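Step one of this worksheet: look at the structure below.
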Protein chains: 2
Amino acid sequence: MIEARHLRVFRAVAKTGSFSAAARRLGCTQPAVSQQMRALEQSVGTPLLVRTGREMRLTEAGESLARHAVGILAGLTAAEEELAAIAGLRAGRVRLVSFPSGNSVLVPTALAEMRAEHPAAQISLVEAEPPQSVEMLRAGDCEIALAFRYLDMPAAAAESAEDEWGDLVVRPLLTDRLVGLFPSRHRFAEEAQAGRPLEMAELAEEQWIAGCPRCRRHLVAVCEGAGFTPRIDFATDDYPAVAGLVGAGLGVAMLPELALESVHPKGVTFAEVRPAVRREVVALTLPDLARVPAVEAMLEQLVHAARR
Amino acid sequence: MIEARHLRVFRAVAKTGSFSAAARRLGCTQPAVSQQMRALEQSVGTPLLVRTGREMRLTEAGESLARHAVGILAGLTAAEEELAAIAGLRAGRVRLVSFPSGNSVLVPTALAEMRAEHPAAQISLVEAEPPQSVEMLRAGDCEIALAFRYLDMPAAAAESAEDEWGDLVVRPLLTDRLVGLFPSRHRFAEEAQAGRPLEMAELAEEQWIAGCPRCRRHLVAVCEGAGFTPRIDFATDDYPAVAGLVGAGLGVAMLPELALESVHPKGVTFAEVRPAVRREVVALTLPDLARVPAVEAMLEQLVHAARR
DNA sequence: TGTCGACTATAAGCACTCCTTAGGGTTAAG
DNA sequence: CTTAACCCTAAGGAGTGCTTATAGTCGACA
């Protein structure tokens, strides 16, 4: 088995024509070169060099190996340089999966900063809701998945338990509150405008507009924690659409702050609800991927962007 | 520095998708693979694999390295195969330098046997007289040089001293006698025909026809050892020409037996001369080259052919 | 749900490799 | 004849790599 170290030494010897010169070039002592060459000759089974007092010549086998060594060592250094580029963030790819409400503000600013600091990194972005995004992460279809979980849940809700993410690396980004959305003509709108928090229990008779399936399940759980089952008339994972429906007077809704940052619907009044419900937004990745430089840097930009 | 061993292990892991399977394929234990991969990841500075319980996937850096590894390992095995071919005499080149009288019988039969045993070996033949052939050997222009030296020389002749070949490898092939050549009409021809050996001293008054410069010097030394200085009228290194000149009655000569094997001149009578003069034909090579398989085999064929 | 089988990571021990220093022999130049 | 440069060999110490043994984890199957 020819080893790369052998070839590096052999090339130096072939180029300089001397063991001592090769040793100087390689930064080691001459006996080291001598031993390496002997080992190489033994491993290939035939002499490679002719020691003739004054000069050092190659045998036919030596010429042959020298020819091959050029390509092999070129390939090795090319590989090393490419990997060094990835490790040094002069290259590298990160596939990011995010849920829609994260895409509005958080992800764009993080991407902008990433682009500014590491222009060569290639970032791709795909939209997917949490259950699916984690699946993609485990399947190797992305490096980072943005997800969220609801805090302050009734103890009965086992869905958002501690080990929902299992062995994934969890980087908390931010926690945002859920706020209530009412049509401006709604009977609670004026009180909300005045700053009075609404009790969930007061909303037992309202018609509800829900978000994505997961958000919908969460809404049901929260309402049942407050003692009633919500009447859900519409459900869509398009947040602006939810706000639009509320503005049209078709019902009330509860959306995370983050989703509303870039939404300014007409005829909608926001209200704080009690008991407070918070949502934690996190970035997820696999333990090994967390050590990939490009992934590491992207995570860093995400937590930075989350601090506004 | 990426080492070849790393790449071999990495390729096995990438192909099988498992450390254990790679270990089985490589014929070692699983911890060995585990350690090698960790060392490789550390040396390139970024993770190459994603361990996700069930399966083993490559990171971007891993994919990159896998791409490069194909070419690098292909180059390595190509080099190993080519060197193995040279070492196994399925390839290999031997450049042989011989003097003219060796080319007539000895070298052709040796080449024929070499061709028969190792058809793939490429043998080239160049003609040169001993002083020059040794020079070519030292200059790297050939692998084997055929040469000769005279035995039974007067002690004064230091030229053919022990260290004429210095540190070269000397393989004795054969020793042939020098025989006298006389025109058949010569006064000694009849006695020679009867088998009476001629004394050198009897030839003091003859006209001589000499061979190559070296042979000529030797002739002078031998004659002076016998008490006279030869009168040399012609000198040529073409042995058939020497014999032809003798046959034409232009003088006497002394040629090695070997040179006469393929020469059957008309009008020439051979005679044994006293004191007997012998010539030793040897094959020379450099110590390192003596271990090159093709050179080794060619030397073997030469000594074999020398035994008729 | 519990157990079994397969996989990986880690630790300790041992052999081997590799590099160094030290010393000797040879060759070419001053 | 001396010097300098080169190569080889030998011996010692540091490091690498492999092995066995052990623990932990995941998925399958009853």
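Quantities reported herein were computed from a predicted structural model and do not represent experimental measurements.
- In the set C:dT8, C:dC18, C:dT20, C:dC18 carries the atom at the smallest distance from any side-chain atom of A:R5.
- As rounded to whole Å, 16 Å separates atom C1' of C:dT8 from atom CD of B:Q36.
- A:E129 and A:R217 are not joined by a salt bridge, as no carboxylate oxygen comes within less than 4.0 angstrom of a charged side-chain nitrogen.
- Distance A:L26 CG to C:dC19 P: 10 Å, rounded to the nearest Å.
- Of the inter-residue distances, the one linking B:L65 atom CG with B:I72 atom CD1 reads 7.0 Å to the nearest 0.5 angstrom.
- Not a single donor-acceptor pair, N or O on each side, falls under 3.5 Å between the base of C:dT10 and the side chain of B:Q35.
- Backbone-only contact: A:S20 has heavy atoms under 4.0 Å from sugar-phosphate atoms and none from a base.
- A donor and an acceptor atom sit less than 3.5 Å apart, one in the side chain of A:Q30 and one in the base of D:dC8.
- Side-chain proximity of B:M56 to D:dG17, C:dT21, C:dT8: nearest is C:dT8.
- Following rounding to the nearest Å, B:R38 (CZ) and C:dA9 (C1') show an atom-to-atom distance of 8 Å.
- Among the candidates A:V97, A:L173, A:L125, A:L284, the single residue satisfying the side-chain contact (heavy atoms from CB on, under 4.5 Å) test with A:L146 is A:L173.
- Close to D:dC7, at under 4.0 Å from its OP1 or OP2, lies no side-chain N or O of A:S34.
- Proximity of A:T29 to the phosphate of C:dC19: no side-chain N or O atom is located under 4.0 Å from OP1 or OP2.
- Residue B:M1 contributes atom CE, which lies 15 Å from atom P of D:dT16 at whole-angstrom precision.
- Residues B:P31 and B:R24 each lie close to DNA chain C; by heavy-atom proximity, the contact nearer the 5' end of the strand is made by B:R24.
- For B:R216, the CZ atom sits in a loose shell: 12 or fewer heavy atoms of surrounding residues, nucleotides or ligands are nearer than 6.0 Å.
- Comparing B:F19 and A:A39 by the nucleotide of DNA chain C whose heavy atom lies nearest to each, the residue mapping closer to the 5' end is B:F19.
- Straight-line distance from the CD atom of A:E3 to the P atom of C:dC16: 18 Å, rounded to whole Å.
- Look at CZ on A:R51: it is 13 Å from C1' on D:dC6, rounded to the nearest Å.
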request  = Please assess B:M1 against A:R8 for the test side-chain contact (heavy atoms from CB on, under 4.5 Å), listing each intermediate value before the final yes or no.
outcome  = CA-CA 10 Å; B:M1 286 296 190; A:R8 291 185 237 271; 3.5 Å; yes

